[in-house]
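What follows is a set of notes on a single structure, which appears directly below.
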2 protein chains.
Amino acid sequence: MSGPVNVPTHWYNVVADLAGYVAEERRPALQVGTHGIRPQLPLSIYRQSVSKEPFIEIPPAVRAQYERWRPTPLVRAHRLERLLNTPARIYYKCEAASPSGSHKLNSAVAQAYYYKKAGVRGLVTGTGAGQWGTALSMACAAYGLECIVYMVRCSYEQKPQRRILMELNGAQVLPSPSLTTEAGRSILAEDPDCPGSLSVASSEAHEIAQEGEGIRYSAGSGDNHVLLHQTVIGQEAVAQMQALGDYPDTVVAALGAGSNFAGIAMPFYQQSQITGRPTRLVAVEPRSCPKLTRGVYMWDHHDALGNTPMSKMYTLGHTFIPSPIHAGGLRYHGAAPVISWMYHEGLIDAVALGQSQVFEAGVTFARAEQLIPAPESAHAIAHVIERAVRARETGKAESILFNLSGHGLMDLASYDKYLSGLLESDSAADEDVERALAKLEPARV
Amino acid sequence: MSGPVNVPTHWYNVVADLAGYVAEERRPALQVGTHGIRPQLPLSIYRQSVSKEPFIEIPPAVRAQYERWRPTPLVRAHRLERLLNTPARIYYKCEAASPSGSHKLNSAVAQAYYYKKAGVRGLVTGTGAGQWGTALSMACAAYGLECIVYMVRCSYEQKPQRRILMELNGAQVLPSPSLTTEAGRSILAEDPDCPGSLSVASSEAHEIAQEGEGIRYSAGSGDNHVLLHQTVIGQEAVAQMQALGDYPDTVVAALGAGSNFAGIAMPFYQQSQITGRPTRLVAVEPRSCPKLTRGVYMWDHHDALGNTPMSKMYTLGHTFIPSPIHAGGLRYHGAAPVISWMYHEGLIDAVALGQSQVFEAGVTFARAEQLIPAPESAHAIAHVIERAVRARETGKAESILFNLSGHGLMDLASYDKYLSGLLESDSAADEDVERALAKLEPARV
């Protein structure tokens, strides 16, 4: 366990330390209906999303919320090390300890606070596996906001407990694509069996936000302000590692759009700028949705219908529907613009891993450490195990930290499939990715 | 949140403070098969179970385990207070924060430690809702012990996620009554649809423990040593309440056999002996299994088949099968002998509550505090809400502490039933209880 470490007073804005990075958006060619696009961000959040200040103060009310569960534990995985017989030192930052069970609550409470102050009545969002939807439903309950969640259909079916959990928090949960929006109807018309994706759910949520009175769209990842809010994780981890008398050579985190990865990695990037001591920052993505390792760095939309502004990012194309893997939180076509830029500049690394390796790693970790990781987090674990095994072979005693972004207690049916040998193969996903990339060829910039 | 409070160094043994209480057992009339009863407890645990010392040192290795998650938070339920518009101050001790999700791990790691030291190969047990089975499977995984869990059939069917969770920890899980034991077969012969009960699961587990080489029976509640291990909860709570500058007038906890109730209540009983300041200790049991409020104080067995020794306790009869309510952990026919004695002497109170009131309270708490309670814990909450509403009417600003014994993340299907108006009524249970009591009439002592 960690020494006495305080909850950070500020969020860390990596943009301040990225000379050459320009936050830029291009307006969409298409707009919903005939009316214009209604701004979704209150000024308070908008200012954060374009800020170049290195530190932005956490409002005391939000920090008081954080103190309900932060600092989260930073734990050395002794039993996993022994099991792997590795000289590597393995640490995990346990975001599963939040009331919502994942890191997502860090941004959810901040956003609910700002939207509530701005006089908004309710929030609408899209969620994959449901970690973001759960967090937002909790934050909305705490601030007396309505909450509407479009949950990607394949996750809605794989993880029925998630729906109940969000409903218990008072949210309205709809499987996406749905018949409740033009976006959903148009996608279902093309493919009635569409499993959905985060970008489809985003399109639906954006449409509701355009039309519902007092309802605004809340983003669970990708946007700068969301990445910003998550940096409490890494700031605590820097202090906790120092308190333990160690420092990570490598920091590993799963990447959907990037808030989890940025949350733990960016404060270590900042440290490297100060101390000159580099830490390797590794994003782990699923083989079936490899935007960094296989995608194209280009201008693209954030949602499936192309109603959102375009950003320059690594993408598989905003119409790409990843195969229905169980790590629903990673089924997003693009990486956050700032993370894409850093990857393009060689400041961070990325690897892509297949689903059965990921579940094997999840079970190994669970049995060693008595904590069931979310399938998203198990991506990070799978790469940590790869590195730890390599350390055994090379004899190099690497220090590795990863973010355990959430628990897998709502994902037990997926683990049951794995244990029973019934987990779906994701090998066909390679061809889907090839097809998506071929479609993007003309758009390369 | 609490101030800086340490993990206790000793367990508190209430027996030392109960002048007049005599721990006594009577051997069973019947024995399994033709061989004698094999002792199940290693000497280390046996000594604890009969000790009259007020404090028993926690082995450093067990305390190191505790430090992974203890002290658990003690939280003031501000939002619940506001929602109820009550002058009462409501606090909860959050045992849901343990890696297994409940208080049960406090005894599981201690027992696994002692059994491992005694050279045992594996442990077998019975579990109701699965909180104990989950904790024991984790502790066994940590100590390299095999683990066999007989899970009460109605819970096995209501909570499939629990089975998977235990299997993920490497345990073998069987629905009880099963065809794997004589006990199970004899009960199924009488009633093929028997939903099972903790006393039936105990009979099956005891049978395996008698016959399996190197396999011993591990008790999840009721026995003195289990109650003892749980007192880390109350000792921390005493210190945490003092650090918060408050002290409870009333401590509330759900009661199955008694380890949860004893865990939080006994250290407050000890305080009352020292300071003379009384704290009302209230055990909450389900209307369908009301051993304290309606049962008979008599000699009875701990398991359904009557193979275990008899103790004097409040009981509904060891053959009583409670109706299949969702709080499976409370479906046990008797109360721990020491708790029964205290109740008989008027040292503690008890109330019995119906299932729909309990779920209503669970949902109220979840929405206010963003934490889904296990249905067992929701029993305590329902009584706390009753008291808080009464405080509003009387204007008396009572300070109430309850034990949130576990989270309800494996019980979401039950909550879904409640939210959809499909929760089963437990009103027929009253007649079952009447019938059970009529059968006991001749046995009254």
Side-chain angles (χ1 to χ4, degrees), chain A residues 1 4 64-65 67-70 73 75 78-79 94 96-101 105 108-109 134-135 137-142 144 159-171 362-373 407-420, chain B residues 1 4 64-65 67-70 73 75 78-79 94 96-101 105 108-109 134-135 137-142 144 159-171 362-373 407-420:
Chain A
M1 292 292 287
Q65 292 273 337
E67 284 176 340
R68 288 183 69 194
W69 74 92
R70 306 207 68 86
V75 182
H78 282 293
R79 279 193 282 240
C94 190
S98 96
S100 82
L105 200 56
V109 296
T134 302
S137 68
M138 279 193 176
C140 284
K159 307 173 206 290
Q161 317 281 317
R162 274 285 170 205
R163 168 189 60 78
I164 306 169
L165 190 50
M166 291 184 266
E167 287 176 352
L168 258 172
N169 289 318
V363 171
T364 300
F365 181 83
R367 291 199 174 156
E369 299 294 322
Q370 274 84 64
L371 204 162
I372 320 289
H407 66 62
L409 293 179
M410 305 290 106
D411 306 280
L412 291 171
S414 312
Y415 277 103
D416 198 30
K417 275 196 172 178
Y418 171 76
L419 290 176
S420 327
Chain B
M1 292 289 287
Q65 292 273 335
E67 282 175 344
R68 290 184 67 194
W69 75 92
R70 308 206 67 86
V75 182
H78 282 294
R79 279 193 282 239
C94 190
S98 96
S100 83
L105 200 57
V109 295
T134 302
S137 68
M138 281 193 175
C140 283
K159 307 173 205 296
Q161 318 280 317
R162 275 284 170 205
R163 169 188 59 78
I164 306 169
L165 190 50
M166 291 184 266
E167 286 176 353
L168 258 171
N169 288 318
V363 171
T364 300
F365 181 82
R367 292 202 172 154
E369 299 292 321
Q370 276 82 63
L371 204 163
I372 320 288
H407 66 62
L409 293 179
M410 304 290 107
D411 305 280
L412 291 171
S414 311
Y415 277 103
D416 198 30
K417 276 196 170 177
Y418 171 77
L419 291 176
S420 327

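The chains referred to below are lettered A, B, ... by the order of the sequence lines, with proteins before strands, and numbering in each begins at 1.
- Partners of B/Ala108 under the side-chain contact (heavy atoms from CB on, under 4.5 Å) rule, at least two apart in sequence or in another chain, are B/Leu105, B/Trp132, B/Ala135, B/Leu136, B/Ala139.
- Annotation: the span from A/Asp416 atom CG to B/Arg163 atom CZ amounts to 4.5 Å, rounded to 0.5 Å.
- In this structure, the side-chain contact (heavy atoms from CB on, under 4.5 Å) partners of A/Ile372, at least two apart in sequence or on a different chain, are A/Ala366, A/Leu409, A/Leu412, A/Tyr415, B/Leu165, B/Leu168.
- Nearest heavy-atom pair across B/Arg68 and A/Gln370 is NH1-OE1, 4.0 Å.
- With a threshold of 4.5 angstrom between heavy atoms, B/Arg367 approaches chain A through its backbone and through its side chain.
- When each of A/Ala368, A/Ala142, A/Pro99 is checked for heavy-atom pairs under 4.5 Å with chain B, A/Ala142 comes out on top.
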